Engineer: 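One structure, as C-alpha cells, below. Some questions next.
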Amino acid sequence: MERYEPQAIEKKWQQRWKNEELFKVTEDPCRSKFYYLDMFPYPSGELHMGHMRNYIIGDVLSRYMRMKGFNVLHPMGYDAFGLPAENAAIQYGYHPRDWVEQCICRMRSQFDMLGISYDWSREIRTCAPDYYRWNQWLFLKMYERGLAYRQPAPVNWCPNCETTLADEEVVDGRCWRCGTLVIKKWLEQWFLRTTAYAERLLQDLDQLVHWPERVRIMQRNWIGKSHGVEFTFAVDGMDETIPVFTTRIDTVYGVTFVALAPENPLVPKLIARSPRRRELEEGVTRLLQESPEERTSEEAQKRGVFLDVFAIHPLTGERVPIWSADYVLMEYGTGAIMAVPAHDQRDLEFARQYNLPVRVVIIPPGGSLDPESMTQAYVEPGIMVNAGPFTGMDSPSAAEAIADLMEQKAIGRRKVQYRLRDWLISRQRYWGTPIPVIYCDRCGIVPVPDDQLPVLLPAHIRITGKGGAPLSQVPEFVNTTCYSCGGTAKRETDTMSTFVDSSWYFLRFCDPQNAEDIFDPEKVNYWMPVDQYVGGIEHAVGHLMYSRFITKFLYDLGLIGFQEPFVRLFTQGMIYHESYWCPRCRVYRRPRDVVRKTEDGKTVVTCPVCQSPVAITLDKMSKSKLNVVTPEEICAGYGADTGRLFILFIGPPEQDAEWTSSGVEGPFRFLTRLWRLVLSNKDRFVSDWRERLPSLKILLSGPERDLRRRLHQTVKAVTEDINDFHFNTAVASLMEFLNSFQDFIEESDRKEERSRVVYSEAVDTLIRLLHPFAPHIADELFSWHGGQGSLICQPWPEADMDALEAEMQTIVVQVNGKVRARITVPVGYDEEKLKERALQEPNVRAHLGGKTVVRTIIVPNKLINFVVN
RNA sequence: GGGCGGGUGGCGGAACCUGGUAGACGCGCUGGACUUAGGAUCCAGUGGUGAUGAGCCGUGCGGGUUCAAAUCCCGCCCCGCCCACCA
C-alpha cells in the first residue's frame, strides 16, 4: 500500500473492531468506571457533521479513557418517539414506526462509518414496548405517590401540532418544533409534580460544580425562587376574598388598586352583580383574546378593565378598585396582585394609562418623590412615609415588621414562591407512550395494574395529524373494562411527552435488556452517575431539569443511591455552513451545485438554473437550507479520520464554528504526511526500542535529544488538552510534532542505532496519541510495526520528565520592557554571566545608550530586563 | 431591562487561568522546485510600515497598576446568545 487511501483501511478496521466486540463492556468492580454519554438523537432524518461534532468529541474522550485504563461505558440509542417522526410519517405516508426504522438504519451506518466506539449491544429505542413500559411504570409509581395528577388548567396549545406543550417547549411564545404561536387553552391534562422537588432541584445545583455556570444560572432562573408574603383582600359587599402574593410587602401601604389575571376564575363572580355586567364581560374577553405578543411584551401598552367592585385594604381598611389587567399572569402566584404604582414599574404604567392614583410610601434617603410626575417607579430600599405605624422606618426592616404584623393578625403569611410549574406531560398525539390509566364511570380514574403493562400502542392506525388525539379514533384501544369493577371503561388516549422517555434513558443503558425491572439497581449503582455528559445548550432547562427530577424521584423510591445524574456537563457549539439562496428562483441551492467563477480576481457565485448571483449567508447546518455536509461526503472524499480531526480542529468545542470546505484539507494533508513518513521509514523501526531506550536516553544529544523533548512535550500537552476539552489545540500539538518529526528525519542518520530507537519511540508514541482522534489510521500504522489489535487496548503514553528538560534556553533581553535581543544560553546559566552577556549584545548597548542601569530583573530561564531612566 | 459569552493578521483560531518572545496550528495568498500537466507533492515567504538590516507601530476605545499588560483593575464602545410584565 503506497498511497494514503482512507477508504481502504477504514472499513477494514471498523469490521475488526466489530468482530472483536471491542467496545462491549460489563461491570468490573476491579476497575474504575467511566460513564460517557452523548445526548441521544431523534431519528428524524440523517445525521450531518454538525450533529457529529457531539459524537466525535465523545469518541475521543471515551477512547482516551479506555487507554487510561478505565472501564468505559459509551452507549447510544434513539429518542424515537415524538412529533418529528409522526409528522414525517404523515407527510410521506409512512407509519411512524417504519419511518423511524429507516432513519435509525441510516444513522447507525453513519455512526459506524465515522468509527464511533459505541457498545451497540446496549442500544435503546424509546419507541420499543420493552422500553416505554417503564415510562408507564414510572408514571404509575408517581401516581401512587400523588406526584402524577390530572387537572384542568390553562395550558399551552400549538394549533398546528394540535397538541399541548410544556412550558419548556414554548420558546418566545411559539412552539419549539414548528414555530406556530402558542395559545392558551383550558384543558384537563396530566401533570407531574415537579414543584414538589423545586427546592431540591434548586439546592442541589450547588453540587454541580462541573456544569457550565450558565446552565446552572438558567436552571436557577427557571426555578425562580422568591420570598414574600401572601395575604387576602376582602371584596366590598361580597363574600369573596382575593389572595395575592408579593415580594414587596414593605410597599403595601402604597396599594391603590388590585389587579386580577383575565383568566382568574374570580373575575366572572366579581362582575356577576354589576349592572354593567355585559360590557365588563366583553372587556375581559378582549383581554383574553390578546395575542401572546401583546400580552407578554414589555413595550406593549398594558390594558385592563375596571370590574366595578372594590377591595378592602386589610391594614388601612381603605376601599381600592379591583381591575382585571392583561399583565397579570394566572400561572404565577395567585393570579392576582396588589398594585403599587409608586414602587412597581408595571403598576405605574398601568396607573398612568387609566389615571389611577399613585401613592408614595418609600422615599430615597435624603430625597423625595413626586407622585404626580414620576415616570419611573422607585424600587430601591428607602425610608417609609405615609405608612401608618411603620412611617420613618427603613423599608427592609418595615417589610419584616409588616409581615410579622400580618401573621399575628392572621391576615397573611410569609411564603416561598417558585416560578417553576408542574410538568405537563399529556400530548394529543399518536407516536408516544400511552398514559396507563382508564376512566370508569363508576370508579373514576383507575391506574393500569403493573402486571398489565405495557399498554401497547395500537399498530394499525391512520394518522392524519388532524381531528384530535389519534388514539381516540381507535375503538378497540379506547374501549376496555375496568380493572377495578369489571364494568365498561375508556382508556386515556393522550400519550406522554417524549421528554419523559429521555429523562431516565441513561439509567436503562446500564441494564438495557432487563425484562423484569426498570433496571437492576446494582448495575445502575456501578455505572451511574454519568461522569461526562455532552450535548447542546438547548436542553439547559428542559431535558436536564426533567432528568434531575426523575433521578431524585428514583432516589426517593430507594432504587438508586445518588441524587444527581450527571457529574460533568459539557455543552458544545453549533456548526455553521454557508447556504446559498437564489432570490430569483426563491429556493436554496446546495453548495456543490452553485457555479463559482472568478471575475477580476473576485469569486462570483451564481445560481445553476437562472445564473443570477446567489445570496450567501452563514446558517446552522440544516436540511431545509440544503447546506448540510454529511459523513458520507466526508468519508468518500477524505476519510473518517480527516472528518474527525477537522471537526475537532475547527475551534474550541464550546463555541460555534464554521465548516469550510478548504479547511478540511489541513487535517487530510497532516494524515497524508504522517502516512508517508511512517511508510518511508518502516526500516528504521526497531521493535525492542522499549528495552533499549533506558540505557540510551541519558547519552542523547542533538536532534535525538531535541526530538525526545518535543515528543514528551507533546504527550504532556495532548493529555492536558484532552482533560480540558481543548481538542483544537490537542490536534494542533500533534501537527506541530509531526513538523518537528519531519525535520528530525532529515537531520538524523537513518542507520544509526540511537536515532532508530528514538525514531521508534516517537512513531509509536505519536500514533498512540493519535488514536482517540483518528483511530483507523492509528491502528493501521500500529499494525505495520507488528502491533497486535487496536490501540484502544494499549496504554496511553506518559510524559518522560527527563526528556522534557532542555540543555539550552533562549533568553529574552529587554530594555525598559521592550525586547531588544534574544540570547541562547545553557539552562541554569549563572545570572551574573547572563547579565554580562546580555549587556554585550550590540542592540542592547545601543538602547542603553550609556544610561545607567537602575535595576535588573531576571526571570529564570526566560528573560532579563534592564531598567534605565 | 437582566444574565452570560466575545472583540487578536486576508480567514478560523493560539497565547488570557498563572503578567514576561503576540500571532502556535491550520486555511488562504505570494514566489520557487519537480512535472506533458497540477486542483498532487516539496521548499521559501506571509501583522503593518521600512529597498535591506536596524527601527517604529500593532491584540475594540480611554485611563490605571507594573521594570514589563492581549493577559490584572476601573470606565466606555461594539457584536453574539439566552432570559424577561414572575408581582
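Letters go in sequence order (proteins before strands), and every chain restarts at 1. Given the structure is predicted, the values throughout are model-derived calculations rather than measurements.
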Engineer: Can you check the Glu736(A) CD to A15(B) P distance for me, whole Å?
Structural biologist: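 Checked: the CD to P distance equals 12 Å.
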Engineer: Using atom P of each nucleotide, how far apart are C16(B) and G20(B) to the nearest Å?
Structural biologist: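 Nearest-Å result for C16(B) against G20(B) at atom P: 8 Å.
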Engineer: Heavy atoms from C-beta onward define the side chain here; which of G28(B), G26(B), C56(B) lies closest to that of Ser662(A)?
Structural biologist: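 Of the candidates, G28(B) comes closest.
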Engineer: For the P atoms, the ones on G7(B) and on C27(B), what distance do you get once it is rounded to whole angstrom?
Structural biologist: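 Result for the P pair: 23 Å, nearest Å.
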Engineer: Rounding to the closest angstrom, what is the interatomic distance between G19(B) and C72(B) at atom C1'?
Structural biologist: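 Comparing C1' positions in G19(B) and C72(B) gives a spacing of 7 Å.
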Engineer: What distance, rounded to whole Å, do you find between the two P atoms, one in U21(B) and one in G75(B)?
Structural biologist: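 One P to the other, the span is 28 Å.
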Engineer: Which nucleotide wins on minimum distance to the side chain of Ala732(A), given the candidates C82(B), C86(B), C25(B)?
Structural biologist: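 Within the option list, the nearest is C25(B).
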Engineer: Does a side-chain N or O from Arg676(A) land closer than 4.0 Å to OP1 or OP2 of C42(B), or not?
Structural biologist: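 Yes.
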Engineer: Rounding to an integer number of Å, can you tell me how far His726(A) NE2 sits from A14(B) C1'?
Structural biologist: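 My rounded result for the distance is 11 Å.
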Engineer: Using the glycosidic torsion, which applies to G9(B): syn (within 90° of 0) or anti (everything else)?
Structural biologist: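 That one's syn.
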Engineer: From OH of Tyr332(A) over to P of A84(B), roughly how many Å is that when rounded to an integer?
Structural biologist: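 To the nearest whole Å, that distance equals 14 Å.
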Engineer: If you compare every side-chain N and O of Arg673(A) against the phosphate oxygens of G26(B) (OP1, OP2), does one of them come in below 4.0 Å?
Structural biologist: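 Yes, within the criterion.
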Engineer: Take the protein atom CZ of Phe725(A) and the nucleotide atom P of A14(B), then report the distance between them rounded to whole Å.
Structural biologist: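 Taking CZ of Phe725(A) and P of A14(B), I get 16 Å after rounding.
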Engineer: Nearest whole Å is fine: how far is C25(B) P from Phe741(A) CZ?
Structural biologist: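 Between P of C25(B) and CZ of Phe741(A): 18 Å.
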Engineer: Taking the nucleotide of RNA chain B with the nearest heavy atom to each, does Gln809(A) or Met338(A) sit closer to the 5' end?
Structural biologist: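 This one resolves to Gln809(A).
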Engineer: Between Asn843(A) and Val859(A), which is nearer to the 5' end of RNA chain B once each is assigned its nearest nucleotide?
Structural biologist: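 The answer here is Val859(A).
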Engineer: When rounded to the nearest Å, what value does the distance between C1' atoms of C25(B) and A15(B) take?
Structural biologist: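 About 12 Å, rounded to a whole number of Å.
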Engineer: Measure from CD on Gln713(A) to C1' on C25(B) and round the result to the nearest Å.
Structural biologist: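 From Gln713(A) CD to C25(B) C1': 15 Å.
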Engineer: When you measure from the side chain of Asn739(A), which nucleotide among A22(B), A87(B), G26(B) comes out closest?
Structural biologist: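 Within the option list, the nearest is G26(B).
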Engineer: Name the pairing partner of G1(B), where a pair is Watson-Crick or G-U wobble with both distances under 3.5 Å, or state none.
Structural biologist: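 Base partner found: C83(B).
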Engineer: Between Arg53(A) and Gly573(A), is there a donor-acceptor pair closer than 3.5 Å when you use the side chain of the first and the backbone of the second?
Structural biologist: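 Checked: pair present.
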Engineer: With a 6.0 Å cut-off on the ring centroids, do Phe350(A) and Phe257(A) count as close?
Structural biologist: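 Yes, the ring of Phe350(A) comes within the 6.0 Å limit of the ring of Phe257(A), centre to centre.
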Engineer: I need the single residue from Met338(A), Arg359(A), His313(A) that forms a side-chain contact (heavy atoms from CB on, under 4.5 Å) with Thr256(A). Which is it?
Structural biologist: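 Answer to the side-chain contact (heavy atoms from CB on, under 4.5 Å) test with Thr256(A) among Met338(A), Arg359(A), His313(A): Arg359(A).
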Engineer: If we call it a pair only when both distances are under 3.5 Å in a Watson-Crick or G-U wobble match, what pairs with A37(B)?
Structural biologist: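 Base-paired to nothing in any strand shown.
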Engineer: C82(B) and G48(B): how far apart are their P atoms, nearest whole angstrom?
Structural biologist: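 Straight-line distance between the two P atoms is 37 Å.
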Engineer: Here's a test for you: under ring pair (Phe, Tyr, Trp, His ring centres under 6.0 Å), which of Phe670(A), Tyr4(A), Phe668(A) qualifies with Trp675(A)?
Structural biologist: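 The single option meeting the ring pair (Phe, Tyr, Trp, His ring centres under 6.0 Å) with Trp675(A) is Tyr4(A).
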Engineer: Can you tell me how far CG of Leu420(A) sits from OG1 of Thr195(A), rounded to the nearest 0.5 angstrom?
Structural biologist: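 Here the interatomic distance stands at 6.5 Å.
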Engineer: For A54(B), give the paired nucleotide (Watson-Crick: N1-N3 plus N6-O4 or O6-N4; G-U: N1-O2 and O6-N3; both under 3.5 Å), or none.
Structural biologist: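 For A54(B), the partner nucleotide comes out as none, under the 3.5 Å rule.
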Engineer: Ion pair present between Glu720(A) and Lys716(A), side-chain N to carboxylate O less than 4.0 angstrom?
Structural biologist: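 Counted as a salt bridge, because a side-chain N and a carboxylate O are separated by less than 4.0 Å.
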Engineer: Does Asn861(A) place a side-chain N or O at less than 4.0 Å from the phosphate oxygens OP1/OP2 of G20(B)?
Structural biologist: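 Negative; the distance criterion is not met.
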Engineer: For the residue pair Tyr332(A) / Ser226(A), report whether a side-chain donor-acceptor contact shorter than 3.5 Å exists.
Structural biologist: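 On atom types as modelled, these side chains qualify, holding a pair under 3.5 Å.
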Engineer: Pick the C1' atom in U18(B) and in A69(B), then give their distance to the nearest Å.
Structural biologist: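 U18(B) and A69(B) have their C1' atoms separated by 14 Å.
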Engineer: Verify the distance criterion only: is there a donor paired with an acceptor across the side chains of Asn627(A) and Tyr576(A) at less than 3.5 Å?
Structural biologist: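 No donor-acceptor contact under 3.5 Å links the two side chains.
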Engineer: May I ask you to decide whether Asp347(A) forms a salt bridge with Lys302(A), counting only side-chain N to carboxylate O separations under 4.0 Å?
Structural biologist: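 Looking at Lys302(A) together with Asp347(A), the answer is no, because their closest N to O distance does not fall below 4.0 Å.
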Engineer: Is there a Watson-Crick or G-U wobble partner for C42(B) with both distances under 3.5 Å, and which nucleotide is it?
Structural biologist: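 When the pairing criteria are applied, G32(B) turns out to be the nucleotide that pairs with C42(B).
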Engineer: As a quick check of understanding, evaluate salt bridge (Lys or Arg N to Asp or Glu O under 4.0 Å) for Arg822(A) and Glu841(A), giving each step before the final call.
Structural biologist: CA-CA 9 Å; Arg822(A) 294 181 174 92; Glu841(A) 285 293 310; over 6 Å; no
Engineer: Output the single nucleotide from A22(B), G20(B), A87(B) whose closest atom is nearest the side chain of Phe245(A).
Structural biologist: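 When the side chain of Phe245(A) is considered, A87(B) is the closest of A22(B), G20(B), A87(B).
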Engineer: Separation of Met735(A) atom CE from A14(B) atom C1', in whole Å?
Structural biologist: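 Going from Met735(A) (CE) to A14(B) (C1'), I get 14 Å.
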Engineer: For C83(B), take OP1 and OP2 only and decide whether either is under 4.0 Å from a side-chain N or O of Arg220(A).
Structural biologist: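 Checking C83(B) against Arg220(A), no side-chain N or O comes under 4.0 Å of OP1 or OP2.
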Engineer: Has Arg669(A) got a side-chain N or O lying under 4.0 Å from the OP1 or OP2 atom of C25(B)?
Structural biologist: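 Indeed not, no polar side-chain atom of Arg669(A) lies that close.
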Engineer: Between C25(B), C85(B), U21(B), spot the one nearest the side chain of Val812(A), thanks.
Structural biologist: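 Looking only at side-chain atoms, Val812(A) lies closest to U21(B).
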Engineer: When the P atoms of U35(B) and U46(B) are compared, how many Å lie between them, rounded to an integer?
Structural biologist: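 About 28 Å, rounded to a whole number of Å.
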Engineer: Indicate syn or anti for G32(B), taking the glycosidic torsion and treating anything within 90° of 0 as syn.
Structural biologist: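 It is anti.
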Engineer: At less than 4.0 Å, is any side-chain N or O atom of Arg346(A) found next to OP1 or OP2 of G1(B)? Yes or no.
Structural biologist: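 No, Arg346(A) has no side-chain N/O under 4.0 Å of OP1/OP2 on G1(B).
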Engineer: Take the protein atom CD of Glu665(A) and the nucleotide atom P of G28(B), then report the distance between them rounded to whole Å.
Structural biologist: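 That distance rounds to 7 Å.
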Engineer: Quick check: does any side chain N or O of Arg673(A) sit under 3.5 Å from a backbone N or O of Met735(A), one acting as donor and the other as acceptor?
Structural biologist: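 The answer is no, because no donor-acceptor pair under 3.5 Å joins these two groups.
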Engineer: Give a yes-or-no answer on whether the side chains of Arg855(A) and Asn865(A) include a donor-acceptor pair shorter than 3.5 Å.
Structural biologist: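 No - no donor-acceptor pair under 3.5 Å links their side chains.
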Engineer: Below 3.5 Å between N/O atoms, which protein atoms pair up with nucleotides 63-70 of chain B? Just atom names and distances, please.
Structural biologist:
residue : atom : partner   : partner atom : Å
C67(B)  : OP1  : Arg855(A) : NH1          : 3.0
C67(B)  : O2   : Asn865(A) : ND2          : 2.4

Engineer: For nucleotides 3-13 of chain B, read 5' to 3', which letter fits each nucleotide if B means a protein heavy atom sits under 4.0 Å from the base, S means only the sugar-phosphate is that close, and - means neither?
Structural biologist: SS-------BS
